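These figures come from a predicted structure and were not determined experimentally.
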Amino acid sequence: MNTENPATEAFVAHRNLLFTVAYEMLGSAADAEDVLQETWLRWSGVDLGVVRDRRAYLVRITTRQALGRLRTLGRRKESYVGTWLPEPLLTAPDVAEDVELADSVSTAMLLVLETLAPTERAVFVLREVFDLGYDEIAEAVGKSPAAVRQIAHRARAHVAARRPRGAVTPAETQEALDAFRRAAETGDIQGLLDILAPDVVLLGDGGGVKQAVLRPIVGAGKVGRLLAAGLGRIAATGSLRPTLVNGHPALLIRLDGELDTVLTVRVEDGLITGFYAVRNPEKLSRMGRETALRR
């Protein structure tokens, strides 16, 4: 890319923002990168003389490309082996400091966004996360501003009914993960069992490549027994390292020196209500470097 070209300069200046828009719509960094490639191809052919707001124009192209990709992804997920979880991203502390951004890219929130229709998801992300005006969103999704207002209202209510209840501090999430680490390192899992919510859910994503639970495991008893069995293997040949994933505390589990699992949790009222274990190697490929996310 020639960085002295005005089109290139605008694209590079907004690239992290565009990636974040695409990632929040897709839950897949690999697909978000593909969307950015498609966005660049279309942007490089635009007559900049007729573009009033380059940022808005780029967001519009990205949104349209992501909507097309989202529908393709939906068909791909129908044949996915086991549970599909969002691709985890190693993030810098500045993402965690932007509480609204961190909340919007958490595993729990991305799973809630999965339950929206494609246009609802686009409208929710552009309005609630990036604070775009209804007119801008209308151009991006090909709807009237009045229709976008209705979609936004419906999507907001849908998400509110499913998102984690109340604000959770990073310290609370870290405490939950510390209990997991202590259980793995000492063999005493009672401290972990004590903070499992009665209706806790464990989801695993092996993508048909690595062993993982194929269906959600529900209930403190079942989840506790599964964790107890897995912790023995980690204690014997593995290690756990705390890090920040999607703006929240997480654990990297290594077995025999190789990254095996990225573990994140959902915490509500001081109890763990969700475990999310990503083992699919394709989804761990970006965990060796930080990904910049911006609003």
Side-chain angles (χ1 to χ4, degrees), residues 20 23-24 27 29 85-112 129 163-205 217 220 223-224 226-228 230-235 238-255 259-279 283-284 286-293 295:
T20 308
Y23 176 72
E24 293 216 20
L85 289 175
E87 184 177 346
L89 300 178
L90 191 67
T91 48
D94 65 327
V95 176
E97 290 162 7
D98 184 340
V99 176
E100 289 185 2
L101 176 59
D103 177 61
S104 71
V105 295
S106 70
T107 305
M109 178 57 82
L110 289 173
L111 285 174
V112 171
V129 182
R163 72 190 309 167
R165 299 182 299 274
V168 177
T169 66
E172 288 178 282
T173 303
Q174 191 61 60
E175 283 177 21
L177 291 168
D178 286 346
F180 186 94
R181 283 184 72 195
R182 283 193 298 272
E185 291 167 357
T186 67
D188 179 9
I189 69 165
Q190 191 57 50
L192 176 58
L193 298 179
D194 288 342
I195 59 170
L196 295 184
D199 57 351
V200 60
V201 178
L202 185 149
L203 302 176
D205 181 345
I217 305 299
V223 170
L226 187 67
L227 291 176
L231 287 172
R233 186 181 175 208
I234 295 171
S239 65
L240 297 98
R241 183 170 71 84
T243 189
L244 287 174
V245 169
N246 290 44
H248 293 269
L251 284 176
L252 302 184
I253 301 175
R254 295 183 181 277
L255 294 178
L259 179 61
D260 179 85
T261 305
V262 173
L263 181 71
T264 55
V265 294
R266 171 171 170 165
V267 177
E268 298 178 68
D269 301 323
L271 298 176
I272 299 174
T273 58
F275 279 101
Y276 311 110
V278 178
R279 301 193 70 209
K283 294 187 178 182
L284 303 181
R286 295 177 68 97
M287 291 303 297
R289 63 190 187 281
E290 288 183 351
T291 298
L293 300 176
R295 285 202 295 163

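Closest non-hydrogen pair, Ala277 versus Thr261, comes out as CB-CG2, 3.8 Å. Summarising the geometry of Val278 relative to Pro86, their closest heavy-atom pair is CG2-O, 4.0 Å, with the distance given to 0.1 Å. Across all non-hydrogen atoms, the minimal contact from Lys283 to Pro88 is O-CD, 3.4 Å. Val200 and Gly274 get closest at one heavy-atom pair: CG2-N, 4.0 Å. Across all their heavy atoms, Gly270 and Glu172 have their closest contact at N-OE2, 4.3 Å. Between Met109 and Ser104, the shortest heavy-atom distance links the atoms CG-O, 3.6 Å.
No more than 12 heavy atoms of other residues, nucleotides or ligands sit less than 6.0 Å from atom CD of Glu100.
Interatomic distance, OH of Tyr23 versus CG of Leu89, reported as 4.0 Å (0.5 Å rounding). Between the CG atom of Leu255 and the OG atom of Ser239 there is a distance of 8.0 Å, given to the nearest 0.5 Å. Atom CZ of residue Arg254 and atom CG of residue Asp260 lie 10.0 Å apart, to the nearest 0.5 angstrom. Atoms CD and OG1, on Glu290 and Thr91 in that order, are 7.5 Å from each other to the nearest 0.5 Å. Here Ile195 contributes atom CD1 and Ile272 contributes atom CD1; the two are 4.0 Å apart, rounded to the nearest 0.5 Å.
Side-chain contact between Tyr276 and Leu110: absent, with no pair of heavy atoms (C-beta onward) separated by less than 4.5 Å.
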Take Asp103 and Arg163 through the side-chain contact (heavy atoms from CB on, under 4.5 Å) test and state the conclusion after the steps.
-> CA-CA 10 Å; Asp103 177 61; Arg163 72 190 309 167; 2.5 Å; yes

Go through the steps for Leu227 and Phe275 under the test side-chain contact (heavy atoms from CB on, under 4.5 Å), then give the verdict.
-> CA-CA 10 Å; Leu227 291 176; Phe275 279 101; 3.7 Å; yes

Could you go through the side-chain contact (heavy atoms from CB on, under 4.5 Å) check for Leu231 and Leu192 one step at a time?
-> CA-CA 11 Å; Leu231 287 172; Leu192 176 58; 4.2 Å; yes

Start with the C-alpha distance between Leu111 and Leu203, add both sets of side-chain angles, then the distance that settles side-chain contact (heavy atoms from CB on, under 4.5 Å), and finish with yes or no.
-> CA-CA 11 Å; Leu111 285 174; Leu203 302 176; 4.0 Å; yes

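Using a distance-only test at 3.5 Å, with no hydrogens or angles considered, no donor-acceptor pair links the side chain of Thr20 to the main chain of Arg295. A donor-acceptor pair under 3.5 Å is formed between the side chain of Asn246 and the backbone N or O of Val105. A donor-acceptor distance shorter than 3.5 angstrom exists from the side chain of Glu87 to the backbone of Ala29, with no hydrogens or angles considered.
Of the residues listed (Thr173, Leu177, Val245, Leu85), the one engaging Thr264 in a side chain to side chain contact (heavy atoms under 4.5 Å, CB included) is Val245, and it is the only one. Partner of Leu252 under the side chain to side chain contact (heavy atoms under 4.5 Å, CB included) criterion, out of Leu240, Leu263, Leu259: Leu259 alone. Checked against Leu90 for a side chain to side chain contact (heavy atoms under 4.5 Å, CB included), the options Arg289, Arg286, Met287 give a single hit: Met287.
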